[in-house]
*Asks:* 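Starting off with a structure, shown below.
Computed from a prediction, not measured in an experiment: that's the story for all the values here.
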Amino acid sequence: MVDKDEKIKSLQEMGFPGDEVDRAINICGVDASMDVLIDSIHASQHEATNMSFGGRKEEKIMEESKNKRKLYRGRVQGNQPRRRLDGSQENSMRLPNPMTGFSLPNDRHRLPPVNRSLPEEAKGRPFFYYENVAKALKDTWSTISENLHGIKPEFVDSQNICATARKRGYVHNLPIENRLRLPLPPQTILETFPHYKQWWPKWDDRRKLNCLQTVKAPATVTEWIQHTLASSTSPPTASVQTQILNECRKWNLVWTGKNIAAPLEPAEIEQLLGFPINHTREVSMTDRYKSLGNSFQVDTVAYHLSVLKTMFPNGMTVLSLFTGIGGAEVALHRLGIRLKAVVSVEKSEVNRRIFRGWWGQTDQQGTLIEFDDVQSLSNDLIEYHTRRLGGFDLVIGGSPCNNLAGSNRHHRSGLQGKESCLFFHYRRILRVVKSVMATMCEEGAASY
DNA sequence: GACAGTATGAAGCAGGGG
DNA sequence: CCCCTGCTTCATACTGTC
């Protein structure tokens, strides 16, 4: 309590309003360091500024968006913050189109080589890799970037790598030269599921699926499609085709029989996302859809991580935050990188069970240490494990997207949201690891 | 309590017509 | 330039069944 009161007092002395200080402490926890709290308040004020347009927003927003459009037209990702016409700093971040990242494993896009320079304090070990949804609310990615050494995100749509869309941003300090050209998964829906070809209507021109989400289509949708087609001409009128295709796109339906457009099964989603088939088999159907919908596209992440293979020939020590069903570990394993030790933090018991199952199935010989909540992973505990394991080679994770994702009708509240604010714990934990490793380095030098 | 099923828009961008 | 249409989106809350 004394600690808490002191923090409140000094934050207020710094000029922050009391209610915002309270909110920051509620969000980040009493144990959060001062700089985490300060950043949280800044993020909050940032969002409040933008939200205050609400109600009488039109002109201002329209004006801004027009200006941005001008400023950003034709820009590529990864360059410097821009300035508005009036000279003020622009802190929105425009998504690149097409969303190809710094490079792709197939050369179809003929991307020019990207030259990026990392700030000195962000270079080298520990490497870190942070992930979240690309289409978050305005200014979200600016805040994330500012809190991770100002490194610009690499935005990639996984449909450039596999048969399903997944638009994500990745902030990392990995080298981007000499990524490995791994064997790619099937590139289209029907290459992935050739047995559906016999039922696929000619007027359904989809080659890629949309983003895989956490729930499957209700039977009312598939029944409506079946009924509509049965009582329709063959082929159906253009208007009927459009309506049905809209539903197919919205729910990622595939043609599994005559007039039957069905949701994907969990095993098919596992395949699309690059997991071993039946990776999630031991849990309920509802949980499988949810866990898979929340996970990495493994081929995409593996492509980025592939530069680590030659750097760590004897394996890696990994701090895995928001582990989920272990997308990062599956990617490293597929690259043939030995997991010497993994400290994993994952709140969901279901996900921990799936991950432990994979760990056993693949006969991992390394050490696995599990925690259930980033909020209870104190700085002391991080220091203890960092020292004990000789430092971490990689800090990896995607913090909750619940309050950022477009599908959320109820609480799309940005980085201040109940779950998505855990991003600030990723930042906190990364900072502690870096600081402890720097100290270890000095101690090592001093002992010689 | 576990599990399955169903209803529930908005935000933001891209593009085109006038 | 304005205004409109189209498209996509790691979800939540509630109900019912067993």
*Asks:* Contact class for A:Ser399 (heavy atom, under 4.0 Å): base, sugar-phosphate, or nothing?
*Replies:*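 It contacts base atoms.
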*Asks:* Stepwise, does the salt bridge (Lys or Arg N to Asp or Glu O under 4.0 Å) test hold for A:Arg168 with A:Glu131?
*Replies:* CA-CA 7 Å; A:Arg168 297 293 181 269; A:Glu131 178 263 10; 3.6 Å; yes
*Asks:* Look at A:Thr286 and B:dA4 and indicate whether a side-chain polar atom (N or O) is within less than 4.0 Å of OP1 or OP2.
*Replies:*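 A:Thr286 to B:dA4 OP1/OP2: side-chain N or O found under 4.0 Å.
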*Asks:* From NZ of A:Lys208 over to C1' of C:dT9, roughly how many Å is that when rounded to an integer?
*Replies:*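 In whole Å, C:dT9 C1' lies 18 Å from A:Lys208 NZ.
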*Asks:* Ignoring hydrogens, what is the shortest heavy-atom contact between A:Leu381 and A:Ser376? Give both atom names and the distance.
*Replies:*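 Closest pair (atom of A:Leu381, atom of A:Ser376, distance): CD2-O, 4.4 Å.
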*Asks:* Using a 3.5 Å limit on both pairing distances, list the dot-bracket string of DNA chain C from the 5' end; Watson-Crick and G-U wobble pairs count, crossing pairs take [ ], interstrand pairs take |.
*Replies:* |||||||||.||||||||
*Asks:* Reading DNA chain B from 5' onward, which residue's closest nucleotide shows up sooner: A:Lys135 or A:Met285?
*Replies:*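 Taking each residue's closest nucleotide, the earlier one in sequence belongs to A:Met285.
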*Asks:* How close or far is atom C1' of C:dT12 from atom NZ of A:Lys418, stated in whole angstroms?
*Replies:*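 Rounded to the whole Å, the gap is 11 Å.
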*Asks:* Verify the contact: side-chain N or O of A:Gln213 to OP1 or OP2 of C:dA11, cut-off strictly under 4.0 Å; return yes or no.
*Replies:*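 So the side-chain polar atoms of A:Gln213 do come within 4.0 Å of the phosphate oxygens OP1 or OP2 of C:dA11, strictly under.
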*Asks:* Using the P atom in both, what is the distance from B:dT8 to C:dC7, to the nearest Å?
*Replies:*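 The same atom, P, in both gives a distance of 23 Å.
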*Asks:* To the nearest Å, how far apart are A:Trp224 CH2 and B:dT6 P?
*Replies:*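 My rounded result for the distance is 16 Å.
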*Asks:* Identify the heavy atoms of A:Met99 and A:Lys167 that sit nearest to each other, and give their distance.
*Replies:*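 For A:Met99 and A:Lys167, the tightest heavy-atom pair comes out as SD-CB, 3.7 Å.
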*Asks:* Can you tell me how the ring of A:Phe371 sits relative to the ring of A:His385, calling it parallel under 30°, perpendicular over 60° and tilted otherwise?
*Replies:*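 Ring orientation of A:Phe371 relative to A:His385: perpendicular.
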*Asks:* Which is true for A:Cys401 with a 4.0 Å heavy-atom rule: it touches a base, it touches only sugar-phosphate, or it touches nothing?
*Replies:*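 Base contact.
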*Asks:* Under 4.0 Å between a side-chain N/O of A:Thr214 and OP1 or OP2 of C:dC10, yes or no?
*Replies:*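 No, no such contact exists.
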*Asks:* As a test of reading the structure: which of C:dA11, C:dT8, B:dC3 is closest to the side chain of A:Lys167, going by heavy atoms?
*Replies:*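 Within the option list, the nearest is C:dT8.
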*Asks:* Classify the angle between the aromatic ring planes of A:Tyr170 and A:His304 as parallel (below 30°), tilted (30 to 60°) or perpendicular (above 60°).
*Replies:*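 A:Tyr170 and A:His304: perpendicular rings.
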*Asks:* Looking at the side chain of A:Leu137, which of B:dG12, B:dC3, C:dT9 is the nearest nucleotide?
*Replies:*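 Per side-chain heavy atoms of A:Leu137, the pick is B:dG12.
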*Asks:* If you pin A:Arg409 and A:Val215 to their nearest nucleotides in DNA chain B, which one's is more 5'?
*Replies:*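 Nearest-nucleotide comparison on DNA chain B picks A:Val215.
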*Asks:* So, is A:Ser407 close to the C:dA11 phosphate, meaning a side-chain N or O under 4.0 Å from OP1 or OP2?
*Replies:*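 Answer is yes, contact under 4.0 Å.
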*Asks:* Over all strands shown, is A:Arg249 touching base, sugar-phosphate only, or nothing at heavy-atom distances under 4.0 angstrom?
*Replies:*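 Result for A:Arg249 = sugar-phosphate.
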*Asks:* Starting at atom CD of A:Glu247, determine the distance to atom P of B:dA7, rounded to an integer number of angstrom.
*Replies:*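 Checked: the CD to P distance equals 11 Å.
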*Asks:* Can you tell me if A:Asn97 touches the phosphate of B:dC13, counting only side-chain N or O atoms and a distance under 4.0 Å to OP1 or OP2?
*Replies:*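 Answer is no, no contact under 4.0 Å.
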*Asks:* Taking CG from A:Leu212 and C1' from C:dA11, how many angstroms apart are they, rounded to a whole number?
*Replies:*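 It is 14 Å, rounded to the nearest whole Å.
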*Asks:* Could you tell me whether a side-chain N or O of A:Asp157 sits under 3.5 Å from a main-chain N or O of A:Ala165, the two making a donor and an acceptor?
*Replies:*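 Here the side-chain-to-backbone pair does not exist.
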*Asks:* Indicate whether the side chain of A:Thr100 and that of A:Asn160 have a donor and an acceptor atom separated by less than 3.5 Å.
*Replies:*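 There is no such pair (donor and acceptor under 3.5 Å, judged by atom type) between the side chains of A:Thr100 and A:Asn160.
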*Asks:* Check the phosphate of C:dA13 against A:His411, side-chain N and O only, distance under 4.0 Å to OP1 or OP2. Yes or no?
*Replies:*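 Yes.
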*Asks:* Give a yes/no answer on whether the side chain of A:Asn408 brings an N or O atom under 4.0 Å of OP1 or OP2 in B:dA10.
*Replies:*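 The answer is no; no side-chain N or O of A:Asn408 sits under 4.0 Å from OP1 or OP2.
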*Asks:* To the nearest Å, how far apart are A:Gln243 CD and C:dT5 C1'?
*Replies:*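 From A:Gln243 CD to C:dT5 C1': 16 Å.
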*Asks:* Choosing from B:dA11, C:dC10, C:dT8, which nucleotide comes nearest the side chain of A:Ala405?
*Replies:*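 Nucleotide nearest to A:Ala405's side chain: C:dC10.
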*Asks:* Atom NZ of A:Lys250 to atom P of B:dT6: distance rounded to whole Å?
*Replies:*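 After rounding, the reported distance stands at 15 Å.
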*Asks:* How close or far is atom C1' of B:dC13 from atom CZ of A:Phe155, stated in whole angstroms?
*Replies:*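 Distance check: A:Phe155 CZ to B:dC13 C1' gives 14 Å.
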*Asks:* Can you tell me how far C1' in B:dG9 sits from the matching atom in C:dT8, rounded to whole Å?
*Replies:*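 Going atom to atom, C1' in each nucleotide, I get 13 Å.
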*Asks:* Check the orientation of A:Tyr196 and A:Phe193. Use parallel for under 30°, tilted for 30 to 60°, and perpendicular for over 60°.
*Replies:*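 Ring orientation of A:Tyr196 relative to A:Phe193: tilted.
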*Asks:* Within a strict 4.5 Å, meaning less than it, do heavy atoms of the A:Arg428 and A:Asn379 side chains meet?
*Replies:*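 They are in contact (side-chain heavy atoms under 4.5 Å apart), so the answer is yes.
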*Asks:* By the 4.0 Å heavy-atom rule, please label A:Thr220 as base, sugar-phosphate, or nothing.
*Replies:*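 Touches sugar-phosphate only.
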*Asks:* Is A:Arg166 near enough to C:dC10 that one of its side-chain N or O atoms lies under 4.0 angstrom from OP1 or OP2?
*Replies:*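 No, A:Arg166 has no side-chain N/O under 4.0 Å of OP1/OP2 on C:dC10.
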*Asks:* Could you pick out which residue, A:Pro400 or A:Thr242, lies toward the 5' side of DNA chain C when each is mapped onto its nearest nucleotide?
*Replies:*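 Going by which nucleotide is closer to the 5' end, it is A:Thr242.
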*Asks:* Measure the acute angle between the ring planes of A:Phe275 and A:His279, then classify it against the limits of 30° and 60° as parallel, tilted or perpendicular.
*Replies:*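 Aromatic pair A:Phe275/A:His279 classed tilted.
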*Asks:* Taking the side chain of A:Asn402 as its heavy atoms from C-beta onward, which of C:dA11, C:dC10, C:dT9 lies nearest to it?
*Replies:*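 Of the candidates, C:dA11 comes closest.
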*Asks:* Between B:dA4, C:dC7, C:dC10, spot the one nearest the side chain of A:Asn246, thanks.
*Replies:*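 For A:Asn246, the side-chain atoms sit closest to C:dC7.
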*Asks:* Are A:Lys216 and B:dA4 close enough that a side-chain N or O sits under 4.0 Å from OP1 or OP2?
*Replies:*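 Answer no for this pair, as no side-chain N or O of A:Lys216 is under 4.0 Å from OP1 or OP2.
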